[in-house]
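First up is the structure itself, then whatever we jot down about it.
Order of the sequence lines fixes the chain letters, A, B, ..., with proteins taken first and strands second; residue numbering starts at 1 for each chain. Keep in mind that the numbers below use all heavy atoms, side chains included, and drop hydrogens, waters and symmetry copies.
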There are 2 protein chains.
Amino acid sequence: MDERLRKPRIDDVARRAGVSTATVSRALATPDQVKPKTRAAVEKAVLETGYVLNVAARNLRTNRTHAVLAVVPDVANIFFSQVLRGISDTLHQHGYRLVIADTGNDPERERDHAEFAQAGWVDGLLLLNGRLLPTPAGGRRRLAVPTVSLCERIPGSDIPYVETANREAARAMTERLLQLGHRRIGYVSGPPNNILEHDRFAGYRDALAARGLAPDPALVRPGDYTLATGEAAASAYLALAELPDAVFASNDAMAMGLIRGFTAAGLSVPEAISIAGFDDIEFAGAYNPALTTMHQARSEIGARATTMLIDLIEGRQPASREVHLPAEIVMRDSTRER
Amino acid sequence: MDERLRKPRIDDVARRAGVSTATVSRALATPDQVKPKTRAAVEKAVLETGYVLNVAARNLRTNRTHAVLAVVPDVANIFFSQVLRGISDTLHQHGYRLVIADTGNDPERERDHAEFAQAGWVDGLLLLNGRLLPTPAGGRRRLAVPTVSLCERIPGSDIPYVETANREAARAMTERLLQLGHRRIGYVSGPPNNILEHDRFAGYRDALAARGLAPDPALVRPGDYTLATGEAAASAYLALAELPDAVFASNDAMAMGLIRGFTAAGLSVPEAISIAGFDDIEFAGAYNPALTTMHQARSEIGARATTMLIDLIEGRQPASREVHLPAEIVMRDSTRER
DNA sequence: TTTCGATTTGTAATCGATTACATTTTTTTC
DNA sequence: GAAAAAAATGTAATCGATTACAAATCGAAA
């Protein structure tokens with residue numbers, strides 16, 4: 001192959017600059033270990049040859065990649081994508097790159113990716129989903145790669161995590177609805193077996209219990225975080241002899257479903273019934289009416305978890321291994337005083 | 001270091017199985033080049049040692065990574081995240097992994113990532129943003145890594161691309177509004193200098209021109225794809241002596257802004273004015289009223305571009321280097337006959 | 001049984017950087 | 001100006017796989 005077409009290597013640069021490969025490597029990676037004059041010569045040679053470092057070779061030698069893998073159930077999910085934003089920014093600040101694995105909620109793909117991560121493909125692992133427990137086939141080897149879990153803690157494991165204080169948040173929202181004078185407060189839940197959901201429902205009951213109210217089973221409707229189940233819940237409430245005063249949905253999509261369901265039936269929100277959501281997704285404020293909801297600091301969750309992970313990767317003790325971030329009530333137009 | 005703690009290498013497996021490293025490599029990568037009995041012995045040894053292949057070493061040797069880099073202006077943008085879904089799925093089907101670089105709309109970060117891609121960090125490059133023109137510093141070296149551009153073609157370059165047929169789509173939507181009996185049709189544009197926007201506006205004018213109508217400059221409002229500019233446009237229209245019959249916004253967020261702006265002023269949509277958007281983002285159907293819009297097959301855009309890229313990577317001639325996907329009108333509740 | 005071709009396996013070079021250690025050069029100190 | 005210390009550079013081993021080529025084994029045909 002023609003010399004001019006072949007991809008230049010470090011020794012091509014070295015020859016051109018009249019130094020050794022070691023010096024080139026140092027001039028590029030640790031410039032102040034090299035005399036300014038030599039450095040300049042190397043830089044010139046790099047430009048002239050069009051040299052680009054070979055990442056694979058460096059990774060092999062240093063046993064580091066400066067990349068982090070985020071395992072996500074669904075990149076297209078607006079909730080996760082905002083967390084990714086926080087992750088991406090923080091990684092960039094520290095000189096790391098982001099690799100994303102979208103598992104499409106397929107446990108097999110999850111496992112595959114987590115396993116590949118052990119192969120030195122990345123320096124660290126961020127799990128955006130509690131379900132993933134990457135025990136390698138043999139089951140005896142410990143997780144080799146530093147790992148942090150986000151959004152959902154992983155029960156029964158000691159993997160450090162960052163999450164919203166779901167229980168406290170749900171309790172606060174329910175209390176706020178009580179303060180507004182509502183008493184018959186409905187709840188639309190997320191999928192069962194979901195840790196997150198479990199916490200939120202507990203918060204809902206906490207608030208009621210604090211007022212000496214027992215949760216009315218007829219007012220608690222099952223959902224799965226989709227708009228459709230919100231609409232279904234609305235129909236179910238409409239079939240009741242007495243409508244609830246307010247409904248707290250465990251996420252925003254279901255809250256929007258409730259609003260659509262009720263307005264389709266001729267009830268106006270918040271005049272006839274108050275609706276609150278959870279998450280404060282991007283369109284919550286744009287909705288019609290604008291949604292009252294719990295704001296989760298999604299990009300901060302990502303940022304905190306990433307900082308923690310980088311600490312682990314670089315051998316520092318992270319400040320804390322379990323972080324619960326507070327959520328904030330955002331009052332908008334879908335709730336009103338009774 | 002203790003033998004049991006050290007990460008096992010391919011020669012540990014070879015020794016244990018009583019074969020050479022070459023055989024282990026073949027048993028793992030090309031199993032049918034190896035006698036079933038030997039293969040079984042190797043598999044057993046792999047399990048016993050807990051061997052995991054070192055990705056960096058393989059990448060270095062084979063000069064392949066089986067990974068593709070997607071450069072995205074903003075992962076948190078709901079539009080891109082759905083395209084990523086299509087990309088991710090298609091890659092997975094072909095045994096590739098996805099690396100995502102979120103540039104946060106920062107041209108410097110864009111350049112940095114594109115350059116790193118040339119370092120053998122990935123096998124191919126997907127650009128989700130026309131702005132990126134990765135000319136390396138020297139400027140003389142051609143793009144080494146196979147590249148495909150999505151959503152926006154890159155003017156003045158021969159990089160293959162996949163995009164929605166924006167001009168035809170905008171024309172079709174405008175025609176539909178005309179069919180509904182509207183004559184004073186407003187248009188809220190995207191940012192200037194945006195190729196995509198340029199095409200859509202051209203389509204709007206095409207449709208009017210076909211009916212012998214000149215576009216009324218007072219009805220064309222500038223926007224930047226955000227909800228806020230949609231609301232601002234609504235105020236501007238309200239200040240007019242005569243309201244438009246319908247407004248076509250160049251994306252859904254602005255259409256929602258228009259709806260909020262008009263309903264806040266006491267006008268109801270679609271009774272008083274029809275509103276149409278573009279993109280059919282996830283919440284378009286959930287909006288109140290549900291939004292009439294152009295559906296872009298976002299995940300298909302991702303899938304097609306990815307197939308094209310894999311063809312390029314694997315040395316096949318892609319079926320076509322320029323793909324324009326049709327968009328479909330989705331009639332919902334924000335438009336009505338006049 | 002012998003021979004030839006096909007299949008399976010082994011030996012060792014190779015990918016392209018980094019870095020421990022050795023050596024040379026430069027600077028400091030007296 | 002010489003000796004000692006510090007800084008800069010060079011030599012060559014190394015990271016852990018893949019694979020060209022050579023050697024061994026196997027099966028079928030004569």
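- A rotation axis mapping the C1' atoms of four pairs onto the next four is fitted at both ends of the helix from C:dT1-D:dA30 to C:dC30-D:dG1 over five pairs, and the angle between these axes is 30° to 10 degrees.
- When the ring-ring contact (aromatic ring centres under 6.0 Å, His included) test is applied to B:Y161, the partners found at least two apart in sequence or on another chain are B:H324.
- In this structure the side chain of B:L69 never reaches within 4.5 angstrom of the side chain of B:L126, judged on heavy atoms.
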Give me the distances for all protein-to-nucleotides 17-21 of chain C N/O pairs that come in under 3.5 Å?
from	atom 1	to	atom 2	distance (Å)
C:dA17	OP1	A:Y51	OH	2.8
C:dA17	OP1	A:N54	N	3.1
C:dA17	OP2	A:I10	N	2.4
C:dA17	O5'	A:Y51	OH	3.3
C:dT18	OP1	A:R58	NE	3.4
C:dT18	OP2	A:S25	OG	2.4
C:dT18	O2	A:R61	NH1	2.3

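- One atom, CZ of A:R15, and another, C1' of D:dT11, lie 16 Å apart when rounded to the nearest Å.
- If you check D:dG16, C:dT9, C:dT26 against the side chain of A:L60, the one that comes closest is D:dG16.
- A:D89 meets the side chain to side chain contact (heavy atoms under 4.5 Å, CB included) test with A:R85, B:R109; sequence neighbours excluded.
- Under a cut-off of 6.0 angstrom, the local environment of CG in A:D11 is crowded, with over 12 non-hydrogen atoms contributed by other residues, nucleotides or ligands.
- Pairs of residues two or more places apart, or lying in two chains, that qualify as salt bridge (Lys or Arg N to Asp or Glu O under 4.0 Å) and include a residue from residues 22-44 of chain A are A:K44-A:E48.
- Here the rule is side-chain hydrogen bond (donor to acceptor under 3.5 Å, both in side chains) with B:T164, and of B:Q296, B:R298, B:E152 only B:Q296 fits it.
- Between B:K37 atom NZ and C:dT9 atom C1' the separation is 15 Å, expressed in whole Å.
- Across every non-hydrogen atom of B:A45 and B:R16, the tightest pair is CB-CG, 3.8 Å.
- For the pair A:N59 CG and D:dG16 C1', the computed distance is 13 Å after rounding to whole Å.
- Contacts of A:V55 with the nucleic acid, taken as non-hydrogen atoms under 4.0 Å apart, are absent.
- Every residue meeting the ring-ring contact (aromatic ring centres under 6.0 Å, His included) condition with A:H66, not counting sequence neighbours, appears here in chain and number order: A:Y96.
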